[in-house]
Amino acid sequence: MAERVLIVDDEEDLRYVYTRQLRGDGYLLDTAADGEEAIEKIRHNEYAVILTDMRMPRKDGLAVIAAAREHLPDAEIIVLTGHGSLENALQAFKAGNIFEYLLKPLDDIAVLNTVVARALERRNLRKHNRELFEQLQRAYEELRQKSEALIQQEKMSAIGTLAAGVAHELNNPLTAVVGFAQLVSEKLRSNRPANWSDTEYERVAQAIENLVQGAHRARDIVSCLLRFARTSRPDARSLVDINQILRDSFVFTEHLLLRHGITLVKQLAPDLPPVWGNAARLQHVFTNLLINAQQATPNGGTVRVLTERNEEPKGVWIHVEDTGHGIPPEDLEKIFEPFYTRKAEGTGLGLSIAKQIVEEHGGEIRVFSKVGQGTRFSVFLPATEAQTVDPSLTNREAA
Ligand SMILES: Nc1ncnc2c1ncn2[C@@H]1O[C@H](COP(=O)(O)OP(=O)(O)OP(=O)(O)O)[C@@H](O)[C@H]1O
Ligand SMILES: [Mg+2]
């Protein structure tokens with residue numbers, strides 16, 4: 001496309017001379033007879049180069065230069081003036097993008113062709129540079145997001161490895177604690193020490209009961225950690241029971257909800273088809289949704305987790321509902337973007353990673369929300385027919 005050049009001079013003869021001189025160079029030439037007309041044109045057209053006189057009736061050259069700086073920051077300006085003083089020149093250079101400052105009358109009018117061509121070259125180069133810079137910035141931003149997600153993934157598998165080690169180490173002593181606590185409890189029931197008062201006996205019996213329960217809970221957490229660790233490699237997949245994965249997520253989140261005075265209601269359908277998936281990564285999805293729900297819900301609220309079987313297409317719906325503050329409609333699209341957060345301490349990665357994991361499983365994630373009433377996140381995961389279980393996975397599980 002031809003570049004637009006604006007010629008501004010209050011002398012009609014000069015406008016004619018300049019126009020005739022540049023006519024053959026393939027520009028779209030436009031003229032203005034004073035500053036005001038020039039500014040009006042600058043507002044409405046994309047000029048690449050502006051040739052302007054300085055002294056003109058109604059607005060002068062400085063006003064034209066200032067308008068160009070405001071509306072066409074890329075445009076190059078060539079000043080052609082009969083009043084060349086150092087002061088005038090300085091003023092012009094301060095006001096905007098001056099490419100050249102020429103004194104009238106020009107000794108050789110052909111100089112115009114060269115100056116305009118060179119100005120255009122500089123302008124295009126600058127424009128190109130800016131575009132490259134923007135491209136670079138976009139690429140950088142993309143890279144930053146990808147590496148952030150990768151770090152997050154690495155962290156998860158590091159946590160998995162750590163969890164496996166800890167869980168393994170804890171298993172033996174825990175088995176001993178559970179066993180001995182049970183033994184003491186039974187012994188105490190059958191041989192009550194003769195010199196203990198009723199209250200003393202009750203107190204000790206209750207303490208041992210708490211010990212047994214605590215040890216059982218610790219054992220549940222350990223086996224949950226082991227299940228998590230076993231599948232923390234992103235590519236480790238097997239046929240998984242979504243309800244079991246949710247129960248594992250509850251092990252980590254239920255106390256958090258209780259501590260904030262939130263009731264957790266579980267409605268897990270008994271007839272879910274198995275899903276071919278990565279248990280640790282799916283657990284990560286539900287844990288994130290539950291933590292978000294907790295953070296949005298005030299004391300006294302409710303978080304409800306519901307699963308249901310879907311027939312067409314065959315799969316599982318998992319809904320996580322809260323009675324929290326909700327999400328304004330204009331934010332609904334943004335919440336799945338990486339780094340979008342409204343929390344002082346948030347990374348804004350929770351939902352973007354959740355979405356990524358759900359999509360890796362061929363599923364989808366949806367959100368419904370009413371400000372002041374609550375939010376529901378719904379995850380669909382397709383059931384895969386008759387998958388053969390990866391033998392390496394089975395071996396690892398046996399180990
Ligand atoms: N259940 C919810 N109720 C209300 N707003 C929510 C809910 N879940 C998510 N949001 C909104 O979506 C934003 C993005 O959530 P996301 O989990 O991606 O990041 P985050 O929770 O802010 O940070 P992080 O997960 O690192 O703690 C949140 O900051 C919050 O504004
Ligand atoms: Mg979050």
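Along the sequence shown, residues carry numbers from 1. Note that the structure is a prediction, hence the values are computed from the model and not measured. Each ligand, and each atom within it, is numbered from 1 in the order the structure gives.
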Do ligand 1 and Arg342 have nitrogen or oxygen atoms that lie under 3.5 Å from each other?
yes
Starting from atom 22 (O) of ligand 1, what is the nearest protein heavy atom, named by residue and atom, and what distance separates them?
Thr341 OG1, 2.5 Å
Heavy-atom neighbours of Lys104 NZ exceed 12 at 6.0 Å
yes
Using a 4.0 Å cutoff against the non-hydrogen atoms of His325, which atoms of ligand 1 qualify?
4 (C), 5 (N)
What's the shortest distance from atom 16 (P) of ligand 1 to any protein heavy atom, and which residue and atom give it?
Leu351 N, 3.6 Å
Between Asp331 (side chain only) and Lys334 (backbone N and O only), is there a donor and an acceptor less than 3.5 Å apart?
no
Backbone or side chain, does Gln295 get an N/O/S atom under 2.8 Å to the Mg ion (ligand 2)?
no
Check: Asn292 N/O within less than 3.5 Å of ligand 1 N/O:
yes
for atom 10 (N) of ligand 1, nearest protein heavy atom and its distance come out as Ile327 CD1, 4.0 Å
Can you name the atoms of ligand 1, numbered from 1 with element, that are less than 4.0 Å from a heavy atom of Ala296?
2 (C), 3 (N), 4 (C)
min-distance protein heavy atom vs atom 12 (O) of ligand 1 -> Ile335 CG2, 3.3 Å
Among all protein heavy atoms, pick out the one at the shortest distance from atom 21 (O) of ligand 1; state its residue, atom name and that distance to 0.1 Å.
Lys343 NZ, 2.6 Å
Is it the side chain (CB and beyond), the backbone, both or neither of Ile291 that lies under 4.0 Å from ligand 1, heavy atoms counted?
neither
Thinking salt bridges, do Arg43 and Glu40 make one under a 4.0 Å N-O criterion?
yes
Return the closest protein heavy atom for atom 24 (P) of ligand 1 as residue, atom name and distance.
Thr347 N, 3.7 Å
Using heavy atoms and a 4.0 Å limit, tell me yes or no: is Asn288 in contact with ligand 1?
no
Does Phe377 come within less than 4.0 angstrom of ligand 1, counting non-hydrogen atoms of the residue?
yes
Salt-bridge contact Asp198-Arg192 (side-chain N to carboxylate O under 4.0 Å):
yes
Under 4.0 Å between a side-chain nitrogen and a carboxylate oxygen: does that hold for Glu141 and Arg144?
yes
Taking His361 for its side chain and Asn278 for its backbone only, find out whether a donor-acceptor pair lies under 3.5 Å.
yes
Numbering as shown, the atoms of ligand 1 that approach Tyr340 to under 4.0 Å (heavy-atom distance):
13 (C), 14 (C)
For atom 23 (O) of ligand 1, the closest protein heavy atom turns out to be Gly348 N, 3.1 Å
Are any of the side-chain nitrogens in Lys146 or Glu142 under 4.0 Å away from the carboxylate oxygens of its partner?
yes
Please check: side-chain N/O of Asn45 versus main-chain N/O of Tyr47, any donor-acceptor pairing under 3.5 Å?
no
Check: Asp9 main-chain N/O paired with Arg15 side-chain donor or acceptor under 3.5 Å
yes
Could you check whether any side-chain N or O of Asp25 sits under 3.5 Å from a backbone N or O of Tyr27, counting only pairs where one atom can act as donor and the other as acceptor?
no
CZ/Arg122: more than 12 non-hydrogen atoms of other groups inside 6.0 Å
yes
What protein heavy atom sits nearest atom 27 (O) of ligand 1, and how far off is it?
Gly346 CA, 3.9 Å
